[in-house]
Amino acid sequence: MFEQLKEPSADKILMLMQLYREDPREQKIDLGVGVYKNPEGVTPIMRAIKAAEQKWWGEETTKAYTGLAGDPAFSDAMIGLVLGDAVPRENVAAVATPGGTGAVRQAFELVRMANPGARVHVSNPTWPNHLSILKHLGIEAVPYRYFDEATCGVDFAGMMEDLEKVEEGDVVLLHGCCHNPTGANLNLTEFKAVIELMIAKGALPMIDIAYQGFGDGLDVDALATREVASACPETLIAASCSKNFGIYRERTGLLMAISQDTSKQNVAQGNLAYLNRQNYSFPPDHGARLVTLVLNDDKLRADWQSELEDVRLNMLSLREQLASEMQRLTQSDRYGFIAQHRGMFSRLGLSTEIVEALRKDHGIYMVGDSRINIAGLNKETVPVLAKAIVEAGG
């Protein structure tokens, strides 16, 4: 049987990580990996998470399974964080998942089960794993224009023109905030126009929100998601705790299925639990338990929000520093978009040749489409990157 297997396509980001590890240069800079790093290059454990772990170590009495949907308290806490009071709790079915990726996978599985002919419309570009999972499941992915290579902003007119081709029953996949890989986001007015179009077309919105709190703040980052969930008849939301709680390896996520018709909630909840059973059965609990403890304890929550705000402001400061340095070196504002982008990532609009030159000549590693992780920088390395981009012809 194994002789029939074919070598899978290499993951470009994982290949980049391997090249970085093998590079002997001491002054190399890793801007490819998608995790937050502090100025010392460490992905820290947040203070509130460490305190919650210590608290739970003393309280935990069993390692028995939670339910198929995970601990209901985790669902309640995360629904409150993401949706606020935009949607009544009884309108939301939810299951815990292994990370945001698990939530995305289960959402696509639910779509395929409910409507095998549904197409999923995805931004061009989008997170590569969206496309990989859709291909694996045999679901047609239809790209819509999103990133304007000339301005490094959103091509909203092109996006709306492409979404006019959406058919009833199709899914429109949107990034809730901090678009990955570009860093370019829709504003709220544009989001409302997309909502009107989806309602008119009879399309199902699906939101991937992996970076809440990394852009303009916890509630501001959730505004678009809340608008969609409150306005559309049905919505799917895949939420991740990896970034804003810093618990990457705990694999903690939540899938929400929202319907304005409360009579559908029980059926949706049952099907989500069924899909969990078919895939990984009972979801992991440790990370979910920590998130629940943090969100339900006023002191821990306040400390978590304070540290998360420090993380957000650090990335904004790096963005502003890099944009300013590029303006100084190029005597132009063509890199001003870096300060306007939000989240960990920005797509710089550099050619693959320049990206390769940055790696070979300067030890600076970024994805081939010139996506960089802003959090891979610090105050000392920002000028190094800016100088290298100019020397490479950027």
Side-chain angles (χ1 to χ4, degrees), residues 36 43-104 106-107 176 207-214 217-219 221-222 225-226 229 237-258 265 269 272-273 276 280-309 311:
Y36 176 79
T43 302
I45 300 175
M46 299 182 85
R47 297 185 300 266
I49 290 295
K50 179 65 76 174
E53 284 189 308
Q54 292 171 335
K55 180 179 181 181
W56 186 237
W57 183 84
E59 294 180 0
E60 187 176 28
T61 58
T62 180
K63 292 291 187 181
Y65 295 124
T66 59
L68 280 175
D71 181 11
F74 171 64
S75 294
D76 290 344
M78 282 297 294
I79 289 168
L81 180 69
V82 175
L83 293 176
D85 58 2
V87 177
R89 176 64 182 87
E90 60 267 23
N91 291 39
V92 187
V95 289
T97 60
T101 302
V104 168
Q106 296 298 71
I207 298 176
D208 187 351
I209 182 164
Y211 301 95
Q212 185 183 354
F214 269 31
L218 277 169
D219 286 325
D221 287 349
T225 300
R226 294 170 183 177
I237 301 173
S240 172
C241 300
S242 295
K243 286 79 178 177
N244 52 9
F245 287 90
I247 50 174
Y248 297 88
R249 66 175 59 176
E250 303 299 351
R251 310 310 300 131
T252 307
L254 188 78
L255 173 60
M256 293 169 256
I258 301 158
Q265 199 266 3
Q269 185 66 55
L272 292 179
N276 269 15
Y280 42 79
S281 200
F282 299 93
D285 181 68
H286 185 70
R289 188 71 55 175
L290 301 179
V291 169
T292 306
L293 287 170
V294 169
L295 292 180
N296 289 334
D297 182 295
D298 289 344
K299 184 178 179 180
L300 289 179
R301 183 168 184 147
D303 190 38
W304 166 68
Q305 290 187 195
S306 174
E307 189 168 2
L308 179 60
E309 184 69 358
V311 166

K.L.:
Could you measure the distance from the CG atom of L81 to the CG atom of N244? Nearest 0.5 Å is fine.
P.N.:
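Here the interatomic distance stands at 6.5 Å.
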K.L.:
Is there a donor-acceptor contact under 3.5 Å from the side chain of N276 to the main chain of A96?
P.N.:
yes
K.L.:
Rounded to the nearest 0.5 Å, what's the gap from CZ on F74 to CG on L290? Could you check?
P.N.:
10.5 Å
K.L.:
Which heavy atom of A229 sits nearest a heavy atom of I258, and at what distance?
P.N.:
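Between these two residues, the closest heavy atoms are CB-CD1, 3.8 Å.
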K.L.:
Are V294 and I49 close enough that some pair of their side-chain heavy atoms sits under 4.5 Å apart?
P.N.:
yes
K.L.:
With K299, which residues qualify under salt bridge (Lys or Arg N to Asp or Glu O under 4.0 Å), at least two apart?
P.N.:
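Once residues adjacent in sequence are excluded, K299 has no partner under the salt bridge (Lys or Arg N to Asp or Glu O under 4.0 Å) criterion.
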K.L.:
Could you tell me which residues satisfy salt bridge (Lys or Arg N to Asp or Glu O under 4.0 Å) with R251, sequence neighbours excluded, listed by chain and number?
P.N.:
none
K.L.:
Tell me if a side-chain donor or acceptor on Q269 pairs with a main-chain N or O of A93 at a distance below 3.5 Å.
P.N.:
no
K.L.:
For a side chain to side chain contact (heavy atoms under 4.5 Å, CB included) check, start with the C-alpha distance between W304 and E309, then their side-chain angles and the critical distance, and finish with the verdict.
P.N.:
CA-CA 8 Å; W304 166 68; E309 184 69 358; over 6 Å; no
K.L.:
Hey, could you give me each pair passing ring-ring contact (aromatic ring centres under 6.0 Å, His included) that has a residue in residues 78-103? Not counting sequence neighbours.
P.N.:
none
K.L.:
With heavy-atom distances below 4.5 Å as the criterion, would you say the side chains of L83 and M256 are in contact?
P.N.:
yes
K.L.:
Within the 4.5 Å heavy-atom criterion, are I209 and I237 side-chain neighbours or not?
P.N.:
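Side-chain contact under 4.5 Å: yes.
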K.L.:
Which pairs with one or both residues in residues 238-247 pass salt bridge (Lys or Arg N to Asp or Glu O under 4.0 Å), sequence neighbours excluded?
P.N.:
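Residue pairs passing salt bridge (Lys or Arg N to Asp or Glu O under 4.0 Å), neighbours aside: none found.
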K.L.:
Given side chains that start at C-beta, do those of D221 and Y211 come closer than 4.5 Å, heavy atoms only?
P.N.:
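Of all side-chain heavy-atom pairs linking Y211 with D221, none is under 4.5 Å.
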K.L.:
Start with the C-alpha distance between M78 and V82, add both sets of side-chain angles, then the distance that settles side chain to side chain contact (heavy atoms under 4.5 Å, CB included), and finish with yes or no.
P.N.:
CA-CA 6 Å; M78 282 297 294; V82 175; 4.3 Å; yes
K.L.:
Just verifying a value: how many Å separate Q305 CD and L218 CG, rounded to the nearest 0.5 Å?
P.N.:
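Going from the CD atom of Q305 to the CG atom of L218 covers 5.5 Å.
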K.L.:
Applying side chain to side chain donor-acceptor pair (under 3.5 Å) as the test, list every pair that has at least one member in residues 45-54; sequence neighbours left out.
P.N.:
R47-D303, E53-H286
K.L.:
Mark yes or no for whether S306, through its side chain, and A302, through its backbone, hold a donor-acceptor pair below 3.5 Å.
P.N.:
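A pair under 3.5 Å: no.
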K.L.:
To the nearest 0.5 Å, how far apart are OG1 in T43 and CZ in R249?
P.N.:
9.5 Å
K.L.:
Check whether any side-chain heavy atom of L308 sits under 4.5 Å from a side-chain heavy atom of M46, and report yes or no.
P.N.:
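Heavy-atom side-chain distance check passes, below 4.5 Å.
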K.L.:
When rounded to the nearest 0.5 angstrom, what distance separates OH in Y248 from OH in Y36?
P.N.:
9.0 Å
K.L.:
Take D285 and K63 through the salt bridge (Lys or Arg N to Asp or Glu O under 4.0 Å) test and state the conclusion after the steps.
P.N.:
CA-CA 9 Å; D285 181 68; K63 292 291 187 181; over 6 Å; no
K.L.:
Let's go through I79 and L254 carefully: what are the C-alpha distance in whole Å and the side-chain angles of both, what is the deciding distance for side chain to side chain contact (heavy atoms under 4.5 Å, CB included) to 0.1 Å, and is it a yes or a no?
P.N.:
CA-CA 9 Å; I79 289 168; L254 188 78; 4.1 Å; yes
K.L.:
Nearest heavy-atom pair of P283 and G67: which atoms, and what distance?
P.N.:
CD-O, 3.5 Å
K.L.:
Specify the closest pair of heavy atoms between T97 and A103, including all atoms of both residues, with the distance to one decimal.
P.N.:
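Looking at all heavy atoms of both residues, the shortest contact is OG1-N, 3.3 Å.
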K.L.:
Evaluate the side-chain proximity of D297 to K55: yes if any heavy-atom separation is below 4.5 Å, no if none is.
P.N.:
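Heavy-atom side-chain distance check passes, below 4.5 Å.
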K.L.:
Please name the pair of heavy atoms, one in A86 and one in R226, separated by the smallest distance, quoted to 0.1 Å.
P.N.:
CB-CB, 3.7 Å
K.L.:
Could you list all the side chain to side chain donor-acceptor pair (under 3.5 Å) pairs where at least one residue sits in residues 64-86, not counting sequence neighbours?
P.N.:
D71-R289, D76-R89
K.L.:
Would T252 and F245 count as a side chain to side chain contact (heavy atoms under 4.5 Å, CB included) here? Give the steps.
P.N.:
CA-CA 10 Å; T252 307; F245 287 90; over 6 Å; no
K.L.:
Determine yes or no for a side-chain-to-main-chain donor-acceptor pair under 3.5 angstrom, with Q265 supplying the side chain and V92 the backbone.
P.N.:
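It does hold such a pair.
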K.L.:
CD1 of I207 to OG1 of T225: how many Å apart, nearest 0.5 Å?
P.N.:
4.0 Å
